[in-house]
Protein chains: 2
Amino acid sequence: MLASSPLRSCRVGLPRSNNLVIPKPSPSSIAHSTQPAATPSSLDNRRQLATQAQTLGSKPSSKGPTAVVLLNLGGPKTLDDVGDFLSRLFHDRELIQLPFQSRLAPLIAKRRTPKIQAQYDKIGGGSPILRWTQTQGKAMTELLDELHPETAPHKAYTAFRYARPLTEETFDEMAEDGVTRAVGFTQYPQYSCSTTGSSLNELYREIQRRKDRGAPEANIQWSVIDRWPTYPLLIESFAKRIEAVLETYPEDKRDKVPIMFSAHSLPMQVVSGRGDPYPGEVAATVSKVMDRLGWRNPYRLTWQSQVGPSAWLGPQTSDTVKGWAKQGHKDAVVVPIAFTSDHIETLYELDIELQEEAEELGMTLKRAESLNDDPTFIRAMAEITASHLSAIHGTGFKGSFEDAPGKSVWNQGLTSNQMQLRCPGCINPVCGESKSFFAGKTSS
Amino acid sequence: MLASSPLRSCRVGLPRSNNLVIPKPSPSSIAHSTQPAATPSSLDNRRQLATQAQTLGSKPSSKGPTAVVLLNLGGPKTLDDVGDFLSRLFHDRELIQLPFQSRLAPLIAKRRTPKIQAQYDKIGGGSPILRWTQTQGKAMTELLDELHPETAPHKAYTAFRYARPLTEETFDEMAEDGVTRAVGFTQYPQYSCSTTGSSLNELYREIQRRKDRGAPEANIQWSVIDRWPTYPLLIESFAKRIEAVLETYPEDKRDKVPIMFSAHSLPMQVVSGRGDPYPGEVAATVSKVMDRLGWRNPYRLTWQSQVGPSAWLGPQTSDTVKGWAKQGHKDAVVVPIAFTSDHIETLYELDIELQEEAEELGMTLKRAESLNDDPTFIRAMAEITASHLSAIHGTGFKGSFEDAPGKSVWNQGLTSNQMQLRCPGCINPVCGESKSFFAGKTSS
């Protein structure tokens, strides 16, 4: 459990830059890469990256693996872990802001623990998210070694925000392995400051803490895959999961049953007040999945997991079921569209809670399986990492469904261009510092 | 001005069906069309359409043109028209629901008239929307005659919701022209029940009114293009407008200046309460435009034109400018992403009001020109109509940027599949009736 609010930890010891150390390709292979004709602006970017790569000449090459750090919120492994998990969650000022937070957070967590323990009890006594993340990480790095040998060997690490392994534990492991180059890979395809933003800020703070105590792993060279809402193989993976469910309906229903894409909601204070990009990125995923499905079925994007009395983005998933039941619908397909593996929101909220509500209303819901260890999804993870590394190293990797390398939001350099734009209502200075740091800019 | 609430007008005299009369192609050309291999479900759809086409054999072919009816809210042509425009707007229960609406609407309209007149005065004394719509309609139907001769000649009509020509006037014109086949083509690329839904419901009510008095034009055969948020040529047109603005920046700024995509907002009661699909469809447009631009610049989707004390979807466009100014941004590109021609929201709200706010904050905004008479946009309008007609008539038309005919949301038959799914929180019975009618189903 974090001892105090993460926001307080880190206002000193900022780095001057995060120049990239490139372990494998020679400067000449970068100068003569197979990238398509570059625009003046992307040329600037390439020159900057090439300069970074050339500085490598004078440095010893790394013996550690290229780390791929899978960032996620995590979940309690056992019922005994629920209290600590909730306490960390309520301490996170990037997720939720409470008065007297460092004192209130443990109290709220304690009060909620029995209820949440009961929910985890119903799904087998704990969250499967660590198991899934480790399975995904292992499979994807094996494939990544083949796809992008220039940066091999790759090793997957897990860094959870509210459960073990926490960022600091992951850092210890990377230090032991002699890692000097790491990719922070958010496991939320759609960016929110409450999720990916919080993970990246925590990562940034941990780097500063290690820098302050002179630890060598503070010099690990980072880049981040900060969003990938429309990555073609991700879309393919979702679409296949949905098609598998649609196949279970008789022909006359198959293209008429409505699809409910359900994503975790956010408070309106975050959506309208701060201007978080998440709702739009989730909608982008949905639109691309519907493109891929040929717009066969009618659909809605709905929002789940609202808590507390304040206004959250809707329509709520459960209200949608109620509304459709009233309108005479008997069937719907439910698709978790903002999570890539099972956890409480799918296994309890959708599979138990929502199913019970639907049954009472005379509706039959079928849920598209989470991506979990779907081979298409594992390939998505590996290809996007290869694509990201390729954009930095100029190795010309092209994913299965990509027309050309290096022209989308996930392969623009050390971060996406989009990540560098803060939310219009952002008043968290760590966001600005963290974004500059990961972009390799001198922090202010 | 409508004498009373539109919702009251039409609960009787519902049609049994809206079977399509196809003026040109023979049943054999439909049976042997060049459409790609069909799935069982789209086969069903094709069979249904072919059956509708075959019924043509026994009917006289039409002498009137194929009507393409451009649906939009409209705007007051002169300052004297502002009062009537506002009164119609506040009467529309599909846009806004007030207590004692038929008595309150004229009062609110009267109170607001001077303020809105002053705004129109600043943009030249009236809305240019009729002029733009007529220019677009004429140019697009000329091209459409070439692209889809099977349904030529085509003639463009305008039907505004709150300004002249109103739906009833348009109907009179179509009756005079001997129209028997019409496409209702929403000029809002992204569907909202408050905009396209309101226009289609009004069209449906007008059809019923004419049916009640036995007018022959009540038998016009309709299909609708109800949404086209990601139509490839629409995206191309937006992207070119943005590129033209970006070109005006020096090279070192060009790919760094943030883009603000601004769309008309909606009350949260409509977004979260009713579950309107509009925000997601606007986000889909934005994502595709950014795809086309290679995600060069950072961007945000923001929402404008909020009125009244209730909560609306944000972040608000003007708050975004304030936030960015605070964060030190000096420049931004503003892109109206949910309107296709200029009117008060672009010419006054963005070009005058927002510009003044930005200047006070030391920011320089440049606005992407509205699509207006952009030849790429005119082609978009013509191709999407050809694509829609082709899907119904099986003529195999393929748009400039389409891989294959007949597989997206705008060319699925008489309406999109998506239009047949009502909002989960919808309690307006006319929505259900109107959707069934335009889909050619027997209304209940």
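As the structure is a computational prediction, the values presented were derived from the model and not from experiment. Every chain is numbered from 1, with letters handed out A, B, ... down the list of sequences.
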Could you tell me which portion of [X] (side chain, backbone, both or neither) has an atom closer than 4.5 angstrom to a non-hydrogen atom of chain A?
X: Val409(B); result: both
X: Ser408(B); result: both
X: Met268(B); result: side chain
X: Leu313(B); result: both
X: Trp303(B); result: neither

Q: Work out which heavy atom in Asn417(A) is nearest to a heavy atom in Gln412(A); give both atom names and the distance.
A: N-OE1, 2.7 Å
Q: Mind listing the closest non-hydrogen atom pair of Asp226(A) and Met419(A) along with its distance?
A: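 Taking every non-hydrogen atom into account, CB-SD, 3.5 Å.
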Q.
Is Val286(A) in contact with chain B via its backbone, its side chain, both, or neither, using a 4.5 Å heavy-atom distance?
A. neither
**Q.** Under 4.5 Å from any heavy atom of chain B - which part of Thr230(A)
**A.** side chain
(Q) Under a 4.5 Å cutoff for heavy-atom pairs, which residue among Ala325(B), Ser416(B), Gly294(B), Gly280(B) has the most contacts with chain A? (A) Gly294(B)
**Q.** Pairs of heavy atoms under 4.5 Å with chain A: top-ranked of Gly425(B), Pro424(B), Ala284(B)
**A.** Pro424(B)
Q) Under a 4.0 Å N-O cut-off, is there an ion pair linking Asp291(A) with Lys288(A)? A) no
Q) Are the charged groups of Arg296(A) and Glu243(A) less than 4.0 angstrom apart, N to O? A)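 No salt bridge links Arg296(A) with Glu243(A).
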For the pair [X] (side chain) and [Y] (backbone), establish whether a donor and an acceptor sit closer than 3.5 Å, ignoring hydrogens and angles.
X: Ser436(A); Y: Lys441(A); result: no
X: Thr196(B); Y: Ser192(B); result: no
X: Gln420(B); Y: Lys435(B); result: yes
X: Gln304(B); Y: Thr317(B); result: no

Q) Taking every heavy-atom pair that is under 4.5 Å apart, which of Pro277(A), Ala283(A), Pro258(A) has the most such pairs with chain B? A)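 Maximum pair count with chain B is reached by Pro277(A).
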Q. So which of Gly323(A), Ala311(A), Pro298(A) has the biggest tally of heavy-atom pairs under 4.5 Å with chain B?
A.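 Answer, by heavy-atom pair count under 4.5 Å with chain B: Pro298(A).
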